[in-house]
Each structure stands twice: as C-alpha cells, then as structure tokens.
Number of protein chains: 2
Amino acid sequence: MTERKPRKDAARNKAAVFEAADDLFAHCESPEAVTMADIAAAAGVGKATLFRAFGDRGGLIGALVEARLEPVREAVETGPPPLGPGTAPLLRVPALLDAILCFKYDNRHLALALEGSGGSSPYRAGHYGSWHTTLRTLLEQIPGLSGSESDFTAHALLAATRADLVEHLAGARDTPRERLRAELAAFTARVLGDRDRDREAAGGTS
Amino acid sequence: MTERKPRKDAARNKAAVFEAADDLFAHCESPEAVTMADIAAAAGVGKATLFRAFGDRGGLIGALVEARLEPVREAVETGPPPLGPGTAPLLRVPALLDAILCFKYDNRHLALALEGSGGSSPYRAGHYGSWHTTLRTLLEQIPGLSGSESDFTAHALLAATRADLVEHLAGARDTPRERLRAELAAFTARVLGDRDRDREAAGGTS
DNA sequence: ATCCGAAGCGGACCGCTGGTCCGTATTCTA
DNA sequence: TAGAATACGGACCAGCGGTCCGCTTCGGAT
C-alpha cells in the first residue's frame, strides 16, 4: 500500500534509459539489432540496471511504448471530440483508428520493436486489450452490426493498423502519411457501411 | 539447367526433418521454444544438415509452410470455383480469404512460427506478395472500389487473417473454427459493400 | 563386384544474446 | 553524521543460431 518513493538516481537512470532506447530504436536498422547492452551503454548505466528497472526486454519496450502512448490514451479517455467520449460512434470509430494509425506511423520504431518483441503475441500486450474493448463497445452502438460481429470487427480493424504493415507501406514502399490515413479512413468507412462513401468511390476515378 | 539429382539419404533426411519439425511445432508451447538442435535431434540428423538443406531457421520454416501450402495454392491457381479462376470477384474474394483463414487455422503452429521467425516482417515472405497480388487484382475488378484503394484493402483484408490473431481467437479464446469463418465472411462482405448483408444484419438480432 | 570421386554427414565449436550475482557506492532517515 | 536500506555495474552464465572439417556413404563407371 505505502509506496516507497524511488531514489533520485533511480528515476534519473530510468529517464536516461528511456531516452537512449528511443534514440537507438529510431536510428538503428532493425529493432532486433538493438541489444540490451547497447541501450545500457548509450544510457551510461550498467546492464543490470535495465533488468532491475524493467524486468526484461519486453518490459522495457512495453514501458517505453506505454509512456509515449499516454497522450493518445488521455485524448481518447478525456478529450474533445471527435476522439474523446460523447462522440457519435460513426464519427468516433474512424477518429480512434486514425489516432492509432498516426501513433504507429510516428513511432514505427517503437511499435515495431514492441510487436516483434520475443514470442509473446501483441494481443497480450496491455494496451491492445484496451483499444479492442473501446473499439468493440463503440461498434456495438452502431446499428447494423450484430453484437457478436463487433468483437471480430474490432480485431480486424485494429489488424489494419499493425505496426509491420504500417512499416511495410510507409517504410519500404514510401506511402506518405496522409495517403495512408486516407486509405485507412476509406476502409473504415466501408466497414461501417457508409453509403455516401460507396457512391463517391463508384463515381470519382481519382 | 541440368539439375543434379539429390542423393537418396539427402532426400530422406529432408523428409524426416519436415516431419520432425512439423510435429515439434505442433506439440510445443511456443514456436520459439523449438530450437534447431531439437529438430535435428528429433529427425535423427546432425544440426549442420538442417542448415545445409535450408540455409537458416527462417528457410526451414518457410520451406515447411510452402510445402503444406501448395495444395491451397494449386486450388487457387487451377481449381474449380469458387476458389479457382473464372469466378466472379465478388464470390472469389471471400472464397480466397476463407481458404487462407482455414489454412492458418489448421496450421496455426506453422503459420505462427513463420510470422514470428526472426525480425523479418511477414510481408517479405514469398507467398504474402502472391496472395496480395491475387487479392488486389480481384478487388480491382469490383466496381465501387477505386484502384488505389484496392491495394490497401487487400492488405487490410489479409491482416484480418494474421496468424497471431487467429491463434489469439482460436487458441486463447476458444473460438470455434466455423464461427471464425463466419465472422471473417461477414467482415469481408461488409468491406465488399454487400447491401443484402447490411439489411440482414440490421434486421435480425441474432 | 569393385573402386573412387564427390556429395553428404554430424557433433564439436564459435560469437553473441538475454538475463543473473554479489561486492561496492549512493541515497535517505534520524 | 552514522547506519541501514536501496540501487549500481560489470563480470559472469546458459543457451541460441550458425559454421567447420574430418569422416562416412552414395552412385556411376569399369
């Protein structure tokens, strides 16, 4: 219950590790190429400090992602529309997916490192369950989607924002950010059964 | 051009390795828990034989998956409708996705091992590009989907059949095979803009 | 049947990784 | 300022993917 306040140096080291890891993942070729020893050296701490603070490699990456993800989560939980609560599901679902996509695009290195961290599937990572629940709940409020469908639909929509897919499109194939967003938005609209969009797509050739 | 015929023992060993690997991946907890040494021992061969025959771990898993995948590929390339060519895209796309889903469901262990093999993203695996091209080509023939959309749509649809998602639903959450198929089919129908399905889903609550 | 070159074999071996241990240095409390 | 609790760090370990090289086995030619 009584939380011991962490020592100063511990906090400072933790921050240094975060910064060093973020930097290394951002500049190195593959996430696998960044070793724990590298991070420790870059942060100017001993290797054991990493493991004491974060448990294991997955824990470190997870904590890092969680930290960078917090603004997004907050914007979703207590923010203005269309991301925040109180928005019509038909508007909020696309907004949510767009936010996730943008995060994964802007933090590709981290998201990629997380999803590829060891053998544990990304579906057991804490935040995935959270996104899924939020999304499923929203989908259930949309008429025309049966309840049992919304669970799978939420998974499928989230799968369209998988980090390695984003990396494949953005990194290897140079798809611009805005275009990716537009395509995900169009896809989402299709799934949600947006008739206007159908008509527009059938009409314009652009 | 002139292919040297492989020696008998080489062929036999290769087959033994396939069988042993398949078995190990099927019965072990996580794909990462199966080491090359394990496979070699189970097949009754030396470790070097594995690497000589398949290059590296990824090569072995890739070859294994490719072998198991061949019937499916053949059914798609030269088979009867609705999977084979000459089927209306609106019918063939769901059939294709269903076939992929079934394969990944029935060979979860292998598909999981492949997608999680090392750091190389599954998007560089040979067959992914093949599926994607087929799917995109089909989507382009469906009116109401602009050409630029079909590329991303193909990716997104394939993402709904990712091995770890299938494993999450089928393995951890015990979703039955037929139900998964039905859900993917419903999702696909939505993406393809099936109006009948929309109406049905809006009407019935089941 | 025999012989011989070559293709194949296997297990000892290597480099490197994630992860641990324990003597030492630092920080908080009184 | 003294003492105990906490954190540090680099040497250390086990296990992995992958390689090497002396030996075995195959198969075509005689």
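In the text below, chain A, chain B and the rest are named by the order of the sequence lines, each starting its count at 1. The structure displayed is predicted, hence computed values, not measured ones.
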| request: Decide, yes or no, whether a salt bridge links Arg181(A) with Glu178(A) under the criterion of side-chain N to carboxylate O below 4.0 Å. | output: yes
| Short N-O contact, Asp106(A) and Arg177(A), less than 4.0 angstrom | yes
| field | Any pair counted as ring pair (Phe, Tyr, Trp, His ring centres under 6.0 Å), so long as it reaches residues 144-173 of chain A, sequence neighbours left out | value | Tyr128(A)-His155(A), His132(A)-His155(A), His155(A)-His168(B), His168(A)-Tyr123(B), His168(A)-His155(B)
| query | How close or far is atom C1' of dA7(C) from atom NZ of Lys14(B), stated in whole angstroms? | reply | 15 Å
| task | Mind calculating the distance between CG (Leu50(B)) and P (dA12(C)) to the nearest angstrom? | result | 16 Å
| said: Rounded to whole Å, how long is the line connecting atom CZ of Arg12(B) with atom C1' of dC26(D)? | reply: 11 Å
| request: Tell me which nucleotide among dG27(D), dT26(C), dG8(C) gets nearest to the side chain of Lys8(B). | output: dG27(D)
| field | Any Asn13(A) side-chain N or O less than 4.0 Å from OP1/OP2 of dC8(D) | value | yes
| query | Atom CZ of Arg7(A) and atom C1' of dT26(C): how far apart are they, to the nearest Å? | reply | 5 Å
| task | Ignoring hydrogens and angles, tell me if any N or O in the side chain of Arg136(A) forms a donor-acceptor pair with the backbone of Ser150(A) under 3.5 Å. | result | no
| request: Please report, rounded to the nearest Å, how far the P atom of dC16(D) is from the CG atom of Leu24(B). | output: 13 Å
| For Asp9(A) and dC8(D), what is the distance between atoms CG and P respectively, to the nearest whole Å? | 5 Å
Could you run down the sub-3.5 Å N/O contacts of the protein with nucleotides 17-21 of chain D?
from	atom 1	to	atom 2	distance (Å)
dG17(D)	OP1	Arg57(B)	NE	3.1
dG17(D)	OP2	Met36(B)	N	3.0
dG18(D)	OP2	Arg57(B)	N	2.9
dG18(D)	N7	Lys47(B)	NZ	3.1
dG18(D)	O6	Lys47(B)	NZ	2.4

| Of the non-hydrogen atoms in Arg92(A) and Gly84(A), which two are nearest, and what is the gap between them? | NE-O, 2.9 Å
| task | Tell me, please, whether Tyr105(B) has Arg108(B) positioned over its six-membered ring: NZ or CZ under 6.0 Å from the ring centre and within 45 degrees of its axis? | result | yes
